[in-house]
Structures are given as structure tokens and as C-alpha cells.
Amino acid sequence: MEGTDWQLVKKRTADPDGGTVHVSADGERYRRTGGEALRAEAAFQQMIAGLDYPVPRVLECGETSDGAFFVVEESLGGQSLHETALACLDGGRTPADTVVDQLAEVSARLLYAQAAHPVDAAPEALRQWVEQAGWTHDVFAENPDFDTPRTHAALDRVVDQLGGVPLVWGHLDYGLPNVLPAGVIDWQHHGVVPLGYDVAPALEVVPFKGGAKGYAAAPAQRERYLAALDAAARAAGADPVSPHLGAFLLVKALFFLALMRPADPARADKQQKWQKWQYRRHLFLKGLEQYERTGNVDTALFPTLGDFAAGQGSAGRP
């Protein structure tokens, strides 16, 4: 869009080809530049927009004079629900009900669109989702003591449990930072997922951050959120998604453990990362134990990173 006054927002460090994000002076459009990853994301976003997914409309795309790919899309607002949740905290850690209700509304819209357009995937697609969403190759490479018959038996149980769940096009990194009141952004990690995987864990993944995000949903908020999703699933002619939350969270526990192991944990500047890696290992084991015992994972029972560090002391440090 020639003549637009673009203002730099940030550099795109997640794209292997680099790039930038700019916003128009009126805040109505965003312009991103990058390489093949951005090109694939833009094409995918255009496809799911045609399936009524709540995503930004792509207004223009092409190549810049220096050969980079660019995409211009509509703005869904200036503040994510994560930012709104932090801004609305009033001395406690419980997010405002309005934030949870907005998340439920967007999540229900996404879930309904996903349920209305299932993917005709190959039989091995569900197991491929476990490997992709859980980053299992990286997790087991960094944590070979978890690459055991016990872990694989639990993941086999996940696959069996979700065997009858429709497969749909998914976000794979859904959460409050990527949700705005008008829809969902940042689809670069898209793939085929079982229905409910994107939206059901959205409030449950916050504890994996170790309490550093500043808020944690109350039990009543979590129940109300899941009830809204189940209602959306039923309205779309699908089964409720909440019974599969434990299976989803076991895969999420792997995802949050991936690429966490420091290369040299003995270095003083790596101590914080070493402790976070140990913490995520602890959360995976707690989730694994819960899923084996009950088929569910209760993130309310997870310690915060601070509590874990205080209880651990110096034991086991390099």
C-alpha cells in the first residue's frame, strides 16, 4: 500500500529469514516482512479466513524491492488479552472476568470454525501431531532419561484416547498473548491438531510459565471457560472437548520442556536457565504421574518456579 506511513513495531526474530513488523500510523493495518516461513503463514491464513476462522484478513502480499516477502493484514486491535489481563490486575493474581469471557468468546468462535471444517488426514496424523506439538525429538534428545517405555506408554494412551476426535487445522501455539478481542494472530506454527487442542488448555498453560506471567485463572473461571467450549462444540455437532484436557496437557508439558536444557549448565550465567529446565522437567513428571493415575492433569497442583527453587535449594546443581 503505497503512501502509508509505517512505524516500526519490532524485528521478527522467530523467522529464520529475519524481517520486521510495522504498523500503519492509524493503527488499522500491520505490515510484516520475512522469507518463506512468512509466505507459508500468509497462504495458510488466507485459507483459514475462507473457513471463517477468526483471523486477520490479508489485504496485500508480495515481494519488496530487495526480494523479501511482505504481507499487509488488518489489525485486530492494539492489545492482546495477555496484556489486558496484566493491565487489569488489582493487587491479586486472578485475571478479570471480562478477560476470561473475551477469551471464551474468541476460543468458541475458533472451535466452531474448526469443527465445521475437519481435515481428512492420514491415519498416522494423530501420532505426528504428538511429535510436532510435543517437540518429542528435541525433548528426548535433551532428556534421554524421559525416552522410556513409561513415557511412550502414556503417549500411546493419548493417541488412543483421541482416536475418535476430529482432526482440524490448528494454531499449535494458542494462548492469551496471541488472542485479541477480535481474533487470533501469529499462525506460523500451524498444523493438523485434534479438535480442542488449541483452545482447551489456554488457561491451563499459564502455570507452565512458573508464575512469572503475573496471573492465574481461578477454578470457577476455568470451569466457566471449558463449559463455553463444550457448548460451542455441541453447537457444531461435535463432542465436548473438556474430557480430553489431560491428554492435551501432557503434550503441552513436553512442548514447554523442549529446547530448555542449557548447553553448559555449570556456567554461572546459565544457572537461571538450568533451574528453569529442572522446573519444567518436574512439571512434566507431575503431569505424567497425574495422567497415568487419573487421565487428567491438574495444573493448579503445580508449584510456582519460586516455590520449586526454594524447595530444591542447591541439591542437584552442577
Side-chain angles (χ1 to χ4, degrees), residues 1-88 99 102-103 105-114 117 119 132-133 135 168-193 198-199 202 205 209 213 255 259:
M1 293 186 176
E2 299 296 331
T4 300
D5 184 14
W6 296 105
Q7 301 171 3
L8 179 66
V9 176
K10 62 180 180 180
K11 294 184 177 181
R12 299 186 66 242
T13 56
D15 192 320
D17 295 309
T20 59
V21 178
H22 287 76
V23 64
S24 60
D26 60 6
E28 295 296 320
R29 298 174 303 284
Y30 280 90
R31 185 179 190 272
R32 295 185 289 160
T33 62
E36 290 306 309
L38 180 60
R39 187 188 300 271
E41 180 186 351
F44 179 79
Q45 192 168 310
Q46 288 174 303
M47 184 269 288
I48 59 174
L51 303 180
D52 293 326
Y53 279 46
V55 298
R57 288 182 300 117
V58 173
L59 305 175
E60 182 183 357
C61 58
E63 292 189 1
T64 64
S65 58
D66 59 1
F69 181 78
F70 77 89
V71 57
V72 177
E73 60 190 22
E74 66 177 339
S75 170
L76 296 184
Q79 192 172 55
S80 71
L81 294 190
H82 169 66
E83 294 167 324
T84 303
L86 291 176
C88 292
V99 173
Q102 285 181 323
L103 177 66
E105 181 181 354
V106 175
S107 297
R109 289 172 57 202
L110 174 59
L111 182 67
Y112 189 92
Q114 289 174 318
H117 300 94
V119 174
Q132 179 187 12
W135 291 58
V168 298
W169 291 116
H171 188 280
L172 281 167
D173 192 24
Y174 188 85
L176 275 75
N178 292 324
V179 179
L180 293 90
V184 188
I185 61 173
D186 292 344
W187 287 85
Q188 63 265 38
H189 300 298
H190 60 269
V192 175
V193 307
D198 278 340
V199 295
V205 297
K209 302 293 186 179
K213 288 296 183 182
F255 166 80
L259 306 179

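What you see below is based on every heavy atom in this structure, not just the backbone, and it leaves out hydrogens, waters and symmetry mates. Sequential numbering from 1 along the given sequence is applied to the chain's residues.
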Checking Y53 side chain against W169 main chain: does a donor-acceptor pair fall under 3.5 Å?
yes
Looking at Q102 and V99, would you say the former's side chain and the latter's main chain have a donor-acceptor pair under 3.5 Å?
no
Axial cation check for F70 ring with R31, 6.0 Å and 45° limits
yes
Donor-acceptor pair, side chain of E74 and main chain of R57, under 3.5 angstrom:
yes
Check whether any side-chain heavy atom of D52 sits under 4.5 Å from a side-chain heavy atom of Y112, and report yes or no.
no
pair R12-L38: side-chain heavy atoms closer than 4.5 Å
yes
Considering all heavy atoms of both residues, which atom of V106 and which atom of P181 are nearest to each other, and what is their separation?
CG2-O, 3.5 Å
Using 0.5 Å steps for rounding, measure from the CE atom of M47 to the NE2 atom of H117.
10.0 Å
Between Q79 and T84, a side-chain donor and acceptor under 3.5 Å
yes
Taken to the nearest 0.5 Å, the spacing of Y30 OH from L76 CG works out to 9.0 Å
From H189, Q188, H190, residue fulfilling side chain to side chain contact (heavy atoms under 4.5 Å, CB included) relative to D186:
Q188
Non-hydrogen side-chain atoms of E41 and R32 separated by less than 4.5 Å:
yes
Atom of G170, atom of F44 and distance for their closest heavy-atom approach
O-CZ, 4.4 Å
Roughly how far, to the nearest 0.5 Å, is OG of S80 from CD1 of I185?
7.0 Å
Verify side-chain contact (heavy atoms from CB on, under 4.5 Å) between E63 and R39, making sure each step is shown before the conclusion.
CA-CA 10 Å; E63 292 189 1; R39 187 188 300 271; 3.1 Å; yes
Under 4.5 Å between any side-chain heavy atoms of V71 and E60, yes or no?
no
Rounding to 0.5 Å, atoms CG (L176) and CG (L86) come to a distance of 9.0 Å
Would F69 and T64 count as a side-chain contact (heavy atoms from CB on, under 4.5 Å) if you check the C-alpha gap in whole Å, the side-chain angles of each, and the deciding distance to 0.1 Å?
CA-CA 6 Å; F69 181 78; T64 64; over 6 Å; no
Pair H171, W187 - check ring pair (Phe, Tyr, Trp, His ring centres under 6.0 Å), show working.
CA-CA 6 Å; H171 188 280; W187 287 85; 4.7 Å; yes
If you take all heavy atoms of G78 and L180, which pair is closest and at what distance?
N-CD2, 4.3 Å
Looking at S24 and R29, would you say the former's side chain and the latter's main chain have a donor-acceptor pair under 3.5 Å?
yes
For the residue pair P56 and V184, what are the closest heavy atoms and their distance?
CD-O, 3.3 Å
Using modelled atom types and a 3.5 Å cut-off, is there a donor and acceptor pairing between side-chain atoms of T20 and backbone atoms of K11?
no
Contact summary for V193 and L172, nearest pair of heavy atoms:
CG1-CD2, 3.7 Å
Over all atoms of both residues, closest heavy-atom pair of A133 and F255
O-CB, 3.3 Å
